[in-house]
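Report on one structure; see the data block that follows.
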Amino acid sequence: MRPYKAPGEDGYPAVFFQQCWNIVADSIFRYVNQVWTNPSIISSINNTLLVLIPKVDKPEFVSQFRPIALCNVVYKIITKVIVNRIKPKLDEIISPYQSSFIPMRSIHHNIIVAQEMMHSMAKMKGNKMFMSIKIDLEKAYDRLNWNFVENCLKECKFPLNLINIIQHCITSPSFKILWNGDKTDIFTPTRVIRQGDPLSPYLFVICMDRLSHIIADQVGARYWKPMRAGRYGPQISHLLFADDLLLFAEASI
């Protein structure tokens, strides 16, 4: 972890644990081992500070802020352990339309494919034409339902014990907003995965893959006519860039 990133509510940045590892290592090892047998203890370290980062120079609405969660370092250690376990399997699980956060894939690959598709559309002649729709999912992390996350993990055949730990990680946080140096009253969410949690990008990609499966089913049933990349290239129905989505389809009524 980067040593001087903003700490969570306990006030200890990563540099404290890095510099004092010979003192704190044994107790952290014991705690992480306990989490694997009793995931409910995660709630004791899952208190989170929310910092609102403005997206524009002079924000006037709440939607113009990006909420970043400052998680405690001990919690991040647990989620980084989980991430390091699931990352090697994601390339086998996630459909090739997704390019973000997957080892051995680069977002630039999908960018190049998208440019080629747009170039082909501009050069098209004839009666059959195609269209592209760009979708940006607003507050995408904030809208994820916890039951849906659990369902997606089960569909991916994750071990039940690991799913249980992940569910405790995402369902047990409490929040305080850090505003002008002061903390607001505590509140608890009923959905959301946190921007700032090492686990969140990978959970989001797994959930978005469900949409890929639905689109593939529609293509297979011939309700959705995808666009071919070049004269002899593969058919492309959509491309995923984390929470950005490009759709390609025949432009018929």
Side-chain angles (χ1 to χ4, degrees), residues 53-59 61 63-68 83 86-145 148-149 152 155-156 193 195-253:
I53 308 297
K55 297 179 182 179
V56 296
D57 288 338
K58 296 179 180 179
F61 306 100
S63 60
Q64 294 174 327
F65 290 91
R66 177 179 288 107
I68 303 296
V83 165
I86 66 177
K87 272 175 69 174
K89 295 294 182 182
L90 289 181
D91 190 44
E92 304 169 17
I93 295 171
I94 304 300
S95 65
Y97 300 104
Q98 177 66 263
S99 62
S100 301
F101 303 111
I102 310 298
M104 309 303 293
R105 301 186 197 177
S106 170
I107 194 170
H108 298 101
H109 296 162
N110 273 9
I111 293 171
I112 292 169
V113 173
Q115 288 176 331
E116 287 297 318
M117 301 291 282
M118 294 300 177
H119 178 72
S120 297
M121 290 172 71
K123 297 291 184 180
M124 277 183 179
K125 296 178 181 178
N127 295 328
K128 185 183 290 188
M129 303 299 284
F130 289 84
M131 63 181 178
S132 173
I133 302 172
K134 181 182 181 294
I135 298 174
D136 183 8
L137 303 178
E138 186 182 21
K139 304 293 183 189
Y141 280 22
D142 299 348
R143 299 175 190 258
L144 271 183
N145 182 285
F148 180 70
V149 175
C152 290
E155 286 285 320
C156 293
I193 58 175
Q195 188 108 17
D197 183 343
L199 190 56
S200 294
Y202 302 96
L203 293 181
F204 185 79
V205 163
I206 289 169
C207 291
M208 281 292 288
D209 201 52
R210 181 69 70 87
L211 179 59
S212 276
H213 292 177
I214 294 170
I215 294 174
D217 288 344
Q218 295 296 304
V219 170
R222 298 184 180 275
Y223 292 121
W224 183 315
K225 296 180 181 179
M227 179 181 168
R228 192 175 293 278
R231 183 173 294 180
Y232 306 108
Q235 290 186 322
I236 304 293
S237 56
H238 63 290
L239 295 171
L240 293 163
F241 308 81
D243 59 344
D244 286 320
L245 176 64
L246 268 178
L247 307 177
F248 299 96
E250 185 178 324
S252 63
I253 296 298

Task: Shortest non-hydrogen contact between S106 and S99, atoms and distance - done: O-CB, 3.6 Å
Task: Backbone N/O of K134 and side chain of D244: donor-acceptor pair under 3.5 Å - done: no
TODO: Might you point out which heavy atoms bring F248 and M118 nearest each other, and give the distance in Å?
DONE: CE2-CE, 4.3 Å
TODO: State, with a plain yes or no, whether a side-chain heavy atom of M227 is found less than 4.5 Å away from one of I236.
DONE: no
TODO: Looking only at non-hydrogen atoms, find the nearest pair between S237 and W224 and report the distance.
DONE: O-CZ2, 3.6 Å
Open item on the list: Is there a side-chain contact between L245 and L211 in this structure, where contact means two heavy atoms from C-beta onward sitting under 4.5 Å apart?
Closed with: yes
TODO: Drop me the distance from H238's NE2 to I133's CD1, to the nearest 0.5 angstrom.
DONE: 13.5 Å
- [ ] Tell me, yes or no, whether the heavy-atom count around K123 atom NZ, taken from other residues, nucleotides or ligands under 6.0 Å, exceeds 12.
- [x] no
Task: Q98 (side chain) donor-acceptor with S100 (main chain) under 3.5 angstrom - done: yes
- [ ] Kindly compute the distance separating CE (M129) from CE (M124), expressed to the nearest 0.5 Å.
- [x] 7.0 Å
Task: Worked check of side chain to side chain contact (heavy atoms under 4.5 Å, CB included) between R143 and L137 - done: CA-CA 10 Å; R143 299 175 190 258; L137 303 178; over 6 Å; no
Task: CA sep, side-chain torsions, deciding dist, call: D91, R105, side chain to side chain contact (heavy atoms under 4.5 Å, CB included) - done: CA-CA 8 Å; D91 190 44; R105 301 186 197 177; 3.0 Å; yes
Open item on the list: Using 0.5 Å steps for rounding, measure from the CG atom of N145 to the CD1 atom of I193.
Closed with: 11.5 Å
- [ ] For residues V205 and L90, determine if any side-chain heavy atom of one lies less than 4.5 Å from a side-chain heavy atom of the other.
- [x] no
- [ ] Measure the CG-CD1 distance between L239 and I112 for me, rounded to the nearest 0.5 Å.
- [x] 12.0 Å
Task: Straight-line distance of I68 CD1 to I53 CD1, nearest 0.5 Å - done: 6.0 Å
Task: Any side-chain heavy-atom pair of D209 and S212 under 4.5 Å - done: yes
Open item on the list: Less than 6.0 angstrom separating the ring centers of Y141 and F204, yes or no?
Closed with: yes
Task: Minimum side-chain heavy-atom gap R210-C152 below 4.5 Å - done: yes
Task: Shortest non-hydrogen separation from Y202 to I86 and the atoms involved - done: CB-CD1, 4.1 Å
TODO: Classify the side-chain pair H213/D217 by whether it contains a donor and acceptor separated by less than 3.5 Å.
DONE: no
TODO: Report, as yes or no, whether the 6.0 Å neighbourhood of atom NZ on K87 holds more than 12 heavy atoms from other residues, nucleotides or ligands.
DONE: no
Open item on the list: Using 0.5 Å steps for rounding, measure from the OH atom of Y223 to the CD atom of Q218.
Closed with: 7.5 Å
- [ ] Give a yes or no on whether the backbone of Y97 and the side-chain of N110 come within a donor-acceptor separation of less than 3.5 Å.
- [x] yes
Task: Over 12 non-hydrogen atoms of neighbours within 6.0 angstrom of CZ in R66 - done: no
Task: Over all atoms of both residues, closest heavy-atom pair of R228 and G233 - done: NH1-O, 2.8 Å
Task: Closest non-hydrogen atom pair between A242 and F101, with its separation - done: CB-CE1, 4.0 Å
Open item on the list: Contact between Q64 and K58 at the side-chain level, heavy atoms closer than 4.5 Å - yes or no?
Closed with: no
Open item on the list: Side chains of V149 and I206, heavy atoms from C-beta outward: is any pair under 4.5 Å?
Closed with: no
TODO: Would you check, one step at a time, whether the test side chain to side chain contact (heavy atoms under 4.5 Å, CB included) holds for M117 with L246?
DONE: CA-CA 11 Å; M117 301 291 282; L246 268 178; over 6 Å; no
Task: Sub-4.5 Å side-chain heavy-atom contact between I215 and L247 - done: yes
